[in-house]
Amino acid sequence: MEWLALGFGALLTGLVLARVIGFEYRNAAAHLVLDTVDACVALLVSYLFYGRLLRGRRVQDLLLLQGLLLLASANLSTSAVLLSAFDGRSDRLEVWLPLTIRVAAAVLIASAALIGPRRLLRRASPVGVLAPLACGLVITYLLLGAVSSRLPQALDSGDSPTLLSG
């Protein structure tokens, strides 16, 4: 059964690469739904890891919890409320801010896999879990906002093909 799924995936990838099946540009409405579901799932799983952290007090659980919270916040970072502070530079920040947050989350999750079952010295509090993340998010937002004029431009939406009704 695995070979069938692997073959189907390879066939589909080959068709996209050979341009038999067209690759579409970003659909904002569909990505809004997917990002919302992604954030909700990450928040739910992080809540489960918080309960596990309270019981086991392991560093591994703390890193997983923080990584999942970062993944959830990456989807929220592109909202108009956060990006409105940088008027004309939001198009670049809209791409680079979530990407930077997701890379940081991936580093936390990967380090949780490598660190092993070490125990925390003291009991984990919500402030102790959230404070480093909040500080890191604010610093990342301010740094990327300051250099956003020098960041590479995202894909121009003017290049998007129009949908033909027919």
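Keep in mind the model is a prediction, meaning the values are calculated, not measured.
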>> Assess the residue pair T140 and L97 against the criterion (side chain to side chain contact (heavy atoms under 4.5 Å, CB included)); give the C-alpha distance rounded to whole Å, side-chain angles, the decisive distance to 0.1 Å, and a yes or no.
In response: CA-CA 8 Å; T140 302; L97 184 62; 4.0 Å; yes

>> side chain to side chain contact (heavy atoms under 4.5 Å, CB included) for L71 and L68? Distances and angles first, verdict last.
In response: CA-CA 5 Å; L71 283 177; L68 287 167; 4.3 Å; yes

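Side-chain contact between L53 and R58 is absent, with no heavy atoms from C-beta onward closer than 4.5 Å. Counting heavy atoms from C-beta on, the side chains of L62 and V129 come closer than 4.5 Å. Inter-residue side-chain proximity for S73 and L133 is flagged as unmet; no heavy-atom pair is nearer than 4.5 Å.
By the side chain to side chain donor-acceptor pair (under 3.5 Å) test, R52 pairs with D61, sequence neighbours left out. Shown here are the side chain to side chain contact (heavy atoms under 4.5 Å, CB included) partners of L130, two or more places apart in sequence or in another chain: L69.
Here the shortest heavy-atom pairing between G128 and Q66 reads O-NE2, 4.3 Å. Closest non-hydrogen pair, A74 versus R102, comes out as CB-CG, 3.7 Å. The nearest pair of heavy atoms linking Y50 to S125 is OH-C, 4.2 Å.
When the side chains of ILVMFWY residues are joined at heavy-atom separations under 4.5 Å, either directly or via intervening members, L143 and Y141 end up in two distinct hydrophobic clusters.
Within the model, atoms CG of L15 and CG of L11 stand 4.5 Å from one another, a figure rounded to the nearest 0.5 Å.
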Distance-only donor-acceptor pairs under 3.5 Å for side chains of residues 104-113, two or more places apart:
from	atom 1	to	atom 2	distance (Å)
S111	OG	V107	O	3.1
S111	OG	L108	O	2.8

Which donor-acceptor pairs under 3.5 Å do the side chains of residues 39-49 make with protein atoms, sequence neighbours left out?
from	atom 1	to	atom 2	distance (Å)
S46	OG	A42	O	3.1
S46	OG	L43	O	2.8

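Under the 3.5 Å distance criterion, the side-chain polar atoms of R118 are left unmatched by any main-chain donor or acceptor of Q60.
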